[in-house]
Number of protein chains: 2
Amino acid sequence: MVRAHTDPDYSAAYVVIETDAEDGIKGCGITFTLGKGTEVVVCAVNALAHHVLNKDLKDIVGDFRGFYRQLTSDGQLRWIGPEKGVVHLATAAVLNAVWDLWAKQEGKPVWKLLVDMDPRMLVSCIDFRYITDVLTEEDALEILQKGQVGKKEREKQMLAQGYPAYTTSCAWLGYSDDTLKQLCAQALKDGWTRFKVKVGADLQDDVRRCQIIRDMIGPEKTLMMDANQRWDVPEAVEWMSKLAKFKPLWIEEPTSPDDILGHAAISKCHNRVIFKQLLQAKALQFLQIDSCRLGSVNENLSVLLMAKKFEIPVCPHAGGVGLCELVQHLIIFDYISVSASLKNRMCEYVDHLHEHFKYPVMMQRASYMPPKDPGYSTEMKEESVKKHQYPDGEVWKKLLAAQEN
Amino acid sequence: MVRAHTDPDYSAAYVVIETDAEDGIKGCGITFTLGKGTEVVVCAVNALAHHVLNKDLKDIVGDFRGFYRQLTSDGQLRWIGPEKGVVHLATAAVLNAVWDLWAKQEGKPVWKLLVDMDPRMLVSCIDFRYITDVLTEEDALEILQKGQVGKKEREKQMLAQGYPAYTTSCAWLGYSDDTLKQLCAQALKDGWTRFKVKVGADLQDDVRRCQIIRDMIGPEKTLMMDANQRWDVPEAVEWMSKLAKFKPLWIEEPTSPDDILGHAAISKCHNRVIFKQLLQAKALQFLQIDSCRLGSVNENLSVLLMAKKFEIPVCPHAGGVGLCELVQHLIIFDYISVSASLKNRMCEYVDHLHEHFKYPVMMQRASYMPPKDPGYSTEMKEESVKKHQYPDGEVWKKLLAAQEN
């Protein structure tokens, strides 16, 4: 058996777009990585940069679909993707910066920019290529127009109550039982009612940890499991039959993210084409968007609309570096303008690394409170960027010096 | 509609492994790209290099499955793949170099190394992760053991007659009708009986070009079409209904390479998990392996064995830079030891850039003649590498200087 993500060293490729507008506004974009390989993503960002440099923001967002295609269908770079892996992560970082810049110039947080945007304009941000057999431009427009009904009330509700979250902070692999118990007790005290536990390394260990957490949270609260691609299909079936008694709501990434037919429940996917098929094949009961793996707001819009068409609840992936900050905008927009439902819906939350962000998430009563600062909440504190920049930041210099000794 | 690959500038990431064996043998590996983005692949090769440096070749090939997993499941780099896009192309280049080194040390071309290898050893090179629901180690062993029957005769046959090929050199998009006719006439003279035409940019243009080529080759010879991912699913259906009268044997890459459910015939895929599903979903009538997109010989072995299990003919993708040189080893091995059939089988051939290789393909009577030099035919001429190295090679210096003026 293979352990995935055994030694993550949370990192990010961070893109800053400056303009000649003299308003001091910068667009900041991010994509999360596990450490090594960030330099590969940065290299891809540089290869994409010429699509953005010396362009006018108005021209970009005025034909956002065209710009999206230009980035994802670069005649030469397409070969080393297309729309997957390193190149797509780099595309996400660049586009996230564009969205941050646009929202800041409009003086709105991204979720509000989206909520207030005319449905025709929203649709013009989406590339429908390869998904028209499931979602056409007309379908999308119809969904968004229906979503206008009751929008005002849902926006008020979000501002008052926030979007429901679940926590993954308690039950990572490798935590001792004592740590697990302590974190779980604290989370219960803080009002959390939905918990995710990482599984898949050792079955006996999983059974013991799931027992502890189910005992502590009681039979009514919600428990999810995440296997991080650890299993083959038959292995997944066997393993899950042993864990079923703990009543998980879902089991996440049981196998390869490329295995559409092997999937049973929920998966982080790399583009809208994979999501389309999971929906077509009825292989998803929940759909997990990601703000840094898909092609930014643009591609996530198409996935949110497909999920609506198939009436599959969207429960975003978050954590990492900045994923919570970004994805809250998408899911709050989804509730107000697309899904209009909170049933079986919740957004992942991990209590980690928010201190590096200039506009960190605001959690209240286990919910994401809608951000009010303009932009995509992607901007990092200058101090943090300076300290953690590879390889010249203070933190890295110390680490590298220690390695040499 | 989107044009894919509109301005390719054929390039390659080229990996050379040197050892301390003092036998002067180098392992050369390659992965093909369309130009920009090669530097991103090179960056990923550097990120993977530490898995190879200072290792003993004996240890690597002695546990080749373990080594393959180490490369493809690096705890941190896995995030920016896994097993797709830039990272997987880099993995292919590194592993191709290892196979070249191994075969050279054994004094055999790769196809012969594979043909002579004990089935248990062959199976030990394959990572069965994510495919055991379709192909287990036992299945693979059984197929390979059955393949021993008649092996000697098939090897003799290959050495005498070669492996049948088809040509894509006549009918690229953008060729004038005159050029098309001239190239087609020459190919017929040279004994070619199977032709592939690129389609998908303009329907009227396609109809005219297909008519020309079908008229020239007559009704009996074989015609294939390649749409290079240009269509959505409904568009593909409409377009193909107009081209059906020219009786193509297959239509290649009608839509996104990620769209398993949208596929109808044949596709270049990025890993064994995608191939597995195309076979499971009966979405393929032909299977196209690639020597530089999949994880080298190791991953291609698993795909050849799955194709055998589903009795789907394998017709490799080639062309680019060096793809013909490499893939001939795999398909010759496939015939001798796995498929034992030539029915509906042929390997793509493009008459392009072979002059840069030290051991270029040998074509006779429109067939690939089995290479006799030790190695994987991956080694490039020193002079070619020197001239074309980016950005310091003579060719690039001239190009870059011309750009500045």
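Heavy-atom basis, side chains included; hydrogens, waters and symmetry copies ignored. Every chain is numbered from 1 and lettered A, B, ... according to where its sequence line falls, protein lines coming before strand lines.
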Check: Ring centroid separation for B:His352 and B:Tyr10, is it under 6.0 angstrom?
Finding: yes
Notebook entry, point to check: With distance as the sole criterion, is a donor-acceptor pair present between the side chains of B:Glu299 and B:Tyr68 under 3.5 Å?
Noted result: yes
Check: So which part of A:Leu77 gets closer than 4.5 Å to some heavy atom of chain B, the side chain, the backbone, both or neither?
Finding: both
Notebook entry, point to check: Taking the six-membered ring for Trp, are B:Phe32 and A:Trp79 ring centroids under 6.0 Å apart?
Noted result: yes
Check: Which one, A:Thr33, A:Thr38, A:Val40, leads in non-hydrogen pairs under 4.5 Å with chain B?
Finding: A:Val40
Next item on the list: Against chain B, label A:Ile131 side chain, backbone, both or neither, depending on which of its atoms sit under 4.5 Å from a heavy atom there.
Entry: backbone
Check: Which value, rounded to the nearest 0.5 Å, describes the distance between A:Asp290 atom CG and A:Asn300 atom CG?
Finding: 7.5 Å
